[in-house]
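The structure under discussion appears below in the form of structure tokens.
Predicted, not measured: the structure shown is a model, and the values here were computed from it.
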Amino acid sequence: MPTTPDTSALDRARGKAYWRLLPLLFVCYVIAYVDRANVSLAKLTMAKDLPDFDNAVIGFGAGMFFWGYILLEVPGTLLVERWSARRMMSRIMVTWGVLAALTAAVTTPMQFYCVRFALGLAEAGFFPGVLVFLTHWFPNQDRSRAVAWFLIATPVAQIVSPKISNLLLQIGTDEVINGVTVHHPEFLGLEGWQWMYIFWGAPAVVLGLVVLFMLPDRPSEAKWLTDEERTALEQQLHIEKQRRSKGKRMTLGEAFRNPKVLLLALAFCCSVTANYGYEFFFPSILKEWYKLELNQITWLVILPPCLALGSQLFIGWNSDRTGERRCHAAFSIIIGLTALALAPLTKGNLALTIVCFMIFFAGVKGYQPAFWALPSIFLTETAAAASIGFINSIGQIGGFMGPYLLGSIEKSTGSFTAGIYVLAASMCVSAIIILGLGLGHRPSKDT
């Protein structure tokens, strides 16, 4: 293979890859994230129909998703690398859409735990699979930015979904309008929280079929690239792969035993703990601290994702521009944990509370584009794919720990304050690990 790709053809191929791949992946992840996290709003009305669903039950059930997710994460990621991203992602989306909709049928905590666990099994492999898929398409100079455009699906999901979910949640509830209690009737015998699960589950099934027919696994399969563009992109990816491997291929066992991989997994786990603890209980925190109505809460929960969207795009862009990953990731986390630790001190001042949670969320989301560029610095091919799956898999333990800890601490103490400090401490551990690893420094000019 020639050593220098045609620059003009490469630039055209890179541009086409952005516009042809990222919008579809973005929309898929929006739906994935809504299906994963919509329990945080559903719980505000579920408790009326299901009295056993207190904060501890919701926190444990929300976390059960991640145990199912963990079990199949690495195998799912390897299938993307060795088999087909298109087929694997299509299967994942159809099954998670069906299971997300089935959450509407739960009536007991055990049923809730089981369906959340099954939903995790169904979705396992999607997120790390996309990260691996992006390495098949985007050179190093584009990768953090591509990951950032994919990752902003999570704040966009949290901006778009609350008001839609609010309309659905009103079904079957009572509302006081101008001093008069108005009852919103059930639809087809189902309550609003049930319709919310069904409404957001259905698009995943449709998108799964779209992915099957529209997502090429590698540049060689893309009919929308010319021969020159395809060749130039494959040359660049091949050159970078050879540079990373440096003549030595790391086995799966070596990758899983690599201290850097293990520490990255721990760092990700600690940040995920804080992220999901917040996501599943932020509406409840606002309701407890300020006695707000559902409509007010669904407006306020939109604000932190708005700032997080900007932070992810900026860090992804600036990290690619400078080639520096370590400080972009760690300092974003440090800023976020500082704001989170200050949040309990603002209780009683709604504006300051929202500002603190906005800065926190920008930090805990913004670090990810730079963070996910770290594994490919020292790993390649199958070892990189498996390690990304492993890091994400271990990290999702935090998806269980965050909601469980915050829900349990609130139940035992009657306050969210102690739990918030635990989440901030977890983020501190993450930042220390990333700074101490020594990966992702700004490259020297002769590299």
Here the gap from M93 atom CE to Y29 atom OH, rounded to the nearest 0.5 Å, amounts to 12.0 Å
Practice prompt. Give a yes-or-no answer on whether the side chains of S165 and W200 include a donor-acceptor pair shorter than 3.5 Å.
Written response: yes
Just do the side chain to side chain contact (heavy atoms under 4.5 Å, CB included) check on L168 and I198 with the steps written out, would you?
CA-CA 10 Å; L168 295 168; I198 294 169; over 6 Å; no
Notebook entry, point to check: Looking only at atom types and distance, does a side-chain atom of D217 sit under 3.5 Å from a main-chain N or O of R86, one as donor and one as acceptor?
Noted result: yes
Are F26 and F150 an aromatic pair by the rule of ring centers under 6.0 Å?
-> no
Step-by-step side chain to side chain contact (heavy atoms under 4.5 Å, CB included) determination, Y197 to V106: CA-CA 11 Å; Y197 285 121; V106 304; over 6 Å; no
Here the gap from L300 atom CG to M358 atom CE, rounded to the nearest 0.5 Å, amounts to 10.5 Å
Flag the pair M89 / V130 as yes when at least one side-chain heavy-atom distance between them is below 4.5 Å, and no otherwise. yes
To the nearest 0.5 Å, atom CG of L24 lies from atom CG of L21 at 8.0 Å
Is the closest side-chain heavy-atom distance between N275 and K365 below 4.5 Å?
yes
**Study point:** Check: L190 main-chain N/O paired with Q194 side-chain donor or acceptor under 3.5 Å
**Key:** no
Across all chains, not counting sequence neighbours, the ring pair (Phe, Tyr, Trp, His ring centres under 6.0 Å) partners of W149 are none
In short, W137 meets A17 closest at the heavy-atom pair CE3-CB, 4.1 Å
Q: Evaluate side chain to side chain contact (heavy atoms under 4.5 Å, CB included) for N166 paired with N295, printing each intermediate quantity in order.
A: CA-CA 7 Å; N166 179 49; N295 186 56; 3.2 Å; yes
Q) Between Y278 and P304, is any pair of side-chain heavy atoms under 4.5 Å apart? A) yes
Looking only at heavy atoms, the pair that brings G399 and P403 closest together is O-CD, 2.9 Å
Within the side chain of R116, is there an N or O that forms a donor-acceptor pair under 3.5 Å with the backbone of Q111?
no
Under 3.5 Å side-chain donor-acceptor pair for H328 and E324
yes
Residue set satisfying salt bridge (Lys or Arg N to Asp or Glu O under 4.0 Å) with R230, at least two apart, ordered chain then number -> D227
Check: I359 and I335 side chains under 4.5 Å, non-hydrogen atoms:
yes
Contacts of L342 meeting side chain to side chain contact (heavy atoms under 4.5 Å, CB included) (sequence neighbours excluded), chain-then-number -> T338, L345, C356
With a 3.5 Å distance limit and no angle check, can you tell me whether S311 reaches the backbone of A308 through a side-chain donor-acceptor pair?
yes
For A100, does its backbone N or O pair with a side-chain atom of T103 as donor and acceptor, under 3.5 Å? yes
For the residue pair W96 and F126, does the interplanar ring angle fall in the parallel (under 30°), tilted (30 to 60°) or perpendicular (over 60°) class? perpendicular
Listing, residues 422-438 side-chain donor-acceptor contacts under 3.5 Å, not counting sequence neighbours, or none:
residue : atom : partner : partner atom : Å
S426    : OG   : C270    : O            : 2.7
S430    : OG   : A267    : O            : 2.8

Worksheet item: Does a sphere of radius 6.0 Å around OH in Y404 hold more than 12 heavy atoms from other residues, nucleotides or ligands, not counting ones at 6.0 Å or beyond?
Response: no
query: Distance-only, no hydrogens or angles: does the S319 side chain make a donor-acceptor pair with backbone N or O of G316 under 3.5 Å?
result: no
Heavy-atom nearest pair, L10 first then L233, reads CD1-CA, 3.8 Å
Minimum side-chain heavy-atom gap V272-F400 below 4.5 Å: no
Here the pair of heavy atoms bringing I315 nearest to A370 is CG2-CB, 4.2 Å
The reported gap from CG in L263 to SG in C269 (rounded to nearest 0.5 angstrom) is 12.5 Å
- Query: Does T95 reach the main-chain N or O of I92 with its side chain, forming a donor-acceptor pair under 3.5 Å?
  - Reply: yes
query: Does E229 reach the main-chain N or O of L225 with its side chain, forming a donor-acceptor pair under 3.5 Å?
result: no
Evaluate the side-chain proximity of S90 to L207: yes if any heavy-atom separation is below 4.5 Å, no if none is.
no
Between G208 and V94 the two heavy atoms that sit nearest each other are CA-CG2, 4.2 Å
Those residues at least two apart in sequence (or on a different chain) that pass ring pair (Phe, Tyr, Trp, His ring centres under 6.0 Å) with Y113 are F60
task: Report yes if the side chains of R12 and S8 come closer than 4.5 Å at any heavy-atom pair, otherwise no.
output: yes
>> Check this for me: does any side-chain nitrogen of one of D11 and K16 sit under 4.0 Å from a carboxylate oxygen of the other?
In response: no
CZ (R14) and CD (Q236) are apart, to the nearest 0.5 Å, by 8.5 Å
(Q) For W299, I'd like to know if atom CH2 has over 12 heavy atoms of other residues, nucleotides or ligands within 6.0 Å. (A) no
Check the angle between the aromatic planes of Y367 and F371 and answer parallel, tilted or perpendicular using the 30° and 60° thresholds.
-> perpendicular
query: For F357 and L340, what are the C-alpha separation, side-chain angles and deciding distance, and is it a side chain to side chain contact (heavy atoms under 4.5 Å, CB included)?
result: CA-CA 6 Å; F357 280 111; L340 182 62; 3.8 Å; yes
Applying ring pair (Phe, Tyr, Trp, His ring centres under 6.0 Å) to F331 and not counting sequence neighbours gives none
In this structure, CD1 of I391 is separated from CG of L374 (nearest 0.5 Å) by 8.5 Å
Taking every heavy atom of P219 against every heavy atom of L237, the minimum-distance pair comes out as CG-CD1, 4.3 Å
Polar side-chain atom of Q312 near backbone of I152 as donor-acceptor pair, under 3.5 Å: yes
- Report yes if some heavy atom in the side chain of F416 is under 4.5 Å from a heavy atom in the side chain of I409; otherwise report no. no
- Where the side chain of S271 meets the backbone of F268, is there a donor-acceptor pair that is under 3.5 Å apart? yes
